[in-house]
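Worksheet: one structure, shown below.
Sequential numbering from 1 along the given sequence is applied to the chain's residues. The figures here come from the full heavy-atom set of this structure, side chains too, leaving out hydrogens, waters and symmetry mates.
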Amino acid sequence: MSIFQNARFYTTVNHMKDLPATRAEVAFVGRSNAGKSSAINTLANRTRLAYVSKTPGRTQHINFFELGEERFLVDLPGYGYAEVPEAVRAHWVELLGRYLQTRQSLIGLLLIMDARHPLKELDRRMLEFFRTTNRPVHILLSKADKMSRQEQNKVLALVKRELADFPAVSVQMFSSLKKTGVDEVEAVVKGWFDALPEPEEGPLEL
């Protein structure tokens, strides 16, 4: 059974102090129009687990989805050109940056990019920013259904070549509409979770 199959909404937070205690979490991040919420819904085989909006930037908080066994998916605010007040944008940037740099239970990042427009400046900055954590990144080149197979292969090869200096980064094609690449994402995330050390048991109560 898919590790995402039983995902359910857990909580939403807008400040670091409100982050829940978790054993392990994998976060989704990407530009505001990259298809992040659609990817989460597709992986969980649900239609509205994560809110999909025609207006980029609607995810304004950090949303947690529970998978069981103290494992979580985390939907982070999208970055890019969302039409929001500057004060709100500044808060997003600080919240996103502090979470990515300091969250101890974050074990890996799923970075969503539109396959037709990969590796934009903000995507590159995100990769450089997260690189210092030494945690893995798996890139989903979304909306692959809008491209021919030849175009997909060309873009995939290009992105892999561009990121040759990032050994902790892997890349794949993905389509929420056609559900292309779901098994590959599941295998990567399951590998991250399975690599976790077993939780230490506390002393027995007498």
Side-chain angles (χ1 to χ4, degrees), residues 1-14 19-20 22 24-84 92 95-96 99-100 103 106-118 120 122-123 126 136-147 152 155-156 170-193:
M1 186 176 70
S2 166
I3 61 172
F4 302 119
Q5 194 67 42
N6 294 322
R8 67 177 184 86
F9 177 76
Y10 183 74
T11 190
T12 183
V13 303
N14 195 30
L19 291 174
T22 69
E25 52 200 51
V26 170
F28 287 79
V29 70
R31 289 177 60 85
S32 298
N33 60 342
K36 181 165 53 70
S37 296
S38 295
I40 295 173
N41 288 335
T42 297
L43 292 170
N45 197 25
R46 305 272 283 282
T47 55
R48 287 184 63 85
L49 182 65
Y51 183 74
V52 179
S53 171
K54 290 182 171 58
T55 305
R58 285 298 296 268
T59 302
Q60 300 179 14
H61 299 76
I62 297 179
N63 297 312
F64 284 76
F65 302 96
E66 187 175 20
L67 300 178
E69 300 180 20
E70 299 179 276
R71 301 174 177 185
F72 291 81
L73 297 180
V74 182
D75 186 12
L76 298 175
Y79 52 85
Y81 54 75
E83 296 180 2
V84 295
W92 289 3
L95 184 64
L96 190 63
Y99 171 85
L100 291 172
R103 184 65 167 166
L106 176 62
I107 63 170
L109 195 65
L110 293 173
L111 175 55
I112 318 299
M113 298 183 196
D114 188 327
R116 299 165 300 174
H117 313 287
K120 292 291 189 180
L122 289 174
D123 298 323
M126 174 60 69
V137 178
H138 188 60
I139 296 174
L140 276 61
L141 296 172
S142 67
K143 307 182 184 182
D145 53 279
K146 300 182 183 296
M147 308 170 69
Q152 290 180 28
V155 168
L156 187 61
S170 51
V171 191
Q172 70 163 93
M173 302 302 298
F174 186 83
S175 168
S176 295
L177 182 65
K178 299 292 184 65
K179 299 189 176 182
T180 305
V182 169
D183 290 345
E184 190 174 346
V185 183
E186 289 182 354
V188 169
V189 174
K190 185 176 186 299
W192 290 349
F193 281 131

_side-chain contact (heavy atoms from CB on, under 4.5 Å), that's the test. Do Asp75 and Ser37 meet it? Break it down for me._
CA-CA 8 Å; Asp75 186 12; Ser37 296; 4.0 Å; yes
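- In this structure, Leu111 CG and Leu140 CG are separated by 8.5 Å, a value rounded to the nearest 0.5 Å.
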*Verify side-chain contact (heavy atoms from CB on, under 4.5 Å) between Phe64 and Leu19, making sure each step is shown before the conclusion.*
CA-CA 9 Å; Phe64 284 76; Leu19 291 174; 3.7 Å; yes
Listed pairs under 3.5 Å, donor-acceptor, residues 185-192 side chains, sequence neighbours left out:
{"unit_1": "Glu186", "atom_1": "OE2", "unit_2": "Ser2", "atom_2": "OG", "d": "2.6"}
{"unit_1": "Lys190", "atom_1": "NZ", "unit_2": "Asp194", "atom_2": "OD2", "d": "2.7"}

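- In this structure, the side chains of Ile107 and Val26 come closer than 4.5 Å at one or more pairs of heavy atoms.
- Here the OH-CZ distance, from Tyr10 to Phe72, works out to 5.0 Å after rounding to the nearest 0.5 Å.
- Atom CG in Leu73 sits 8.0 Å away from atom CZ in Phe65 (nearest 0.5 Å).
- Thr12 is linked by a side-chain hydrogen bond (donor to acceptor under 3.5 Å, both in side chains) to Asn63, counting only residues two or more places apart in sequence or in another chain.
- Arg71 pairs by the side-chain hydrogen bond (donor to acceptor under 3.5 Å, both in side chains) definition with nothing, not counting sequence neighbours.
- Under the 3.5 Å distance criterion, the side-chain polar atoms of Arg46 are matched with a main-chain donor or acceptor of Ala7.
- Once rounded to the nearest 0.5 Å, the distance linking NZ of Lys143 with CD1 of Ile112 reads 11.0 Å.
- Taking the side-chain contact (heavy atoms from CB on, under 4.5 Å) definition, one finds that Gln152 meets it with Ala144, Met147, Arg149, Met173, sequence neighbours left out.
- Applying the side-chain contact (heavy atoms from CB on, under 4.5 Å) criterion to Asp145, with sequence neighbours excluded, gives Ser175, Leu177, Lys178.
- Proximity of a side-chain donor or acceptor of Gln172 to a complementary backbone N or O of Ile139 within less than 3.5 Å is not detected.
- More than 12 heavy atoms of other residues, nucleotides or ligands lie within 6.0 Å of CZ in Phe193, so this atom counts as buried by the packing criterion.
- In this structure, Leu122 CG and Tyr79 OH are separated by 6.5 Å, a value rounded to the nearest 0.5 Å.
- Of all heavy-atom pairs between Leu95 and Asn14, the closest is CD2-O, 3.8 Å.
- Note that the CG atom of Asp123 and the CZ atom of Arg31 stand 6.5 Å from one another [nearest 0.5 Å].
- The closest side-chain heavy-atom distance from Tyr99 to Ile62 is below 4.5 Å.
- A donor-acceptor pair under 3.5 Å is formed between the side chain of Lys36 and the backbone N or O of Leu76.
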*Assess whether side-chain contact (heavy atoms from CB on, under 4.5 Å) is satisfied between Leu96 and Val29, documenting all intermediate values.*
CA-CA 9 Å; Leu96 190 63; Val29 70; 4.3 Å; yes
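- Side-chain contact between Ser176 and Asn41: absent, with no pair of heavy atoms (C-beta onward) separated by less than 4.5 Å.
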*Taking it one step at a time, do His138 and Leu109 satisfy side-chain contact (heavy atoms from CB on, under 4.5 Å)?*
CA-CA 6 Å; His138 188 60; Leu109 195 65; over 6 Å; no
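- Considering all non-hydrogen atoms of both residues, Glu184 and Val171 come closest at OE2-O, 4.1 Å.
- Considering only residues two or more places apart in sequence or on other chains, Thr180 meets the side-chain hydrogen bond (donor to acceptor under 3.5 Å, both in side chains) condition with none of them.
- Taking each heavy atom of Ala34 and Ser142 in turn, the nearest pair found is O-OG, 2.5 Å.
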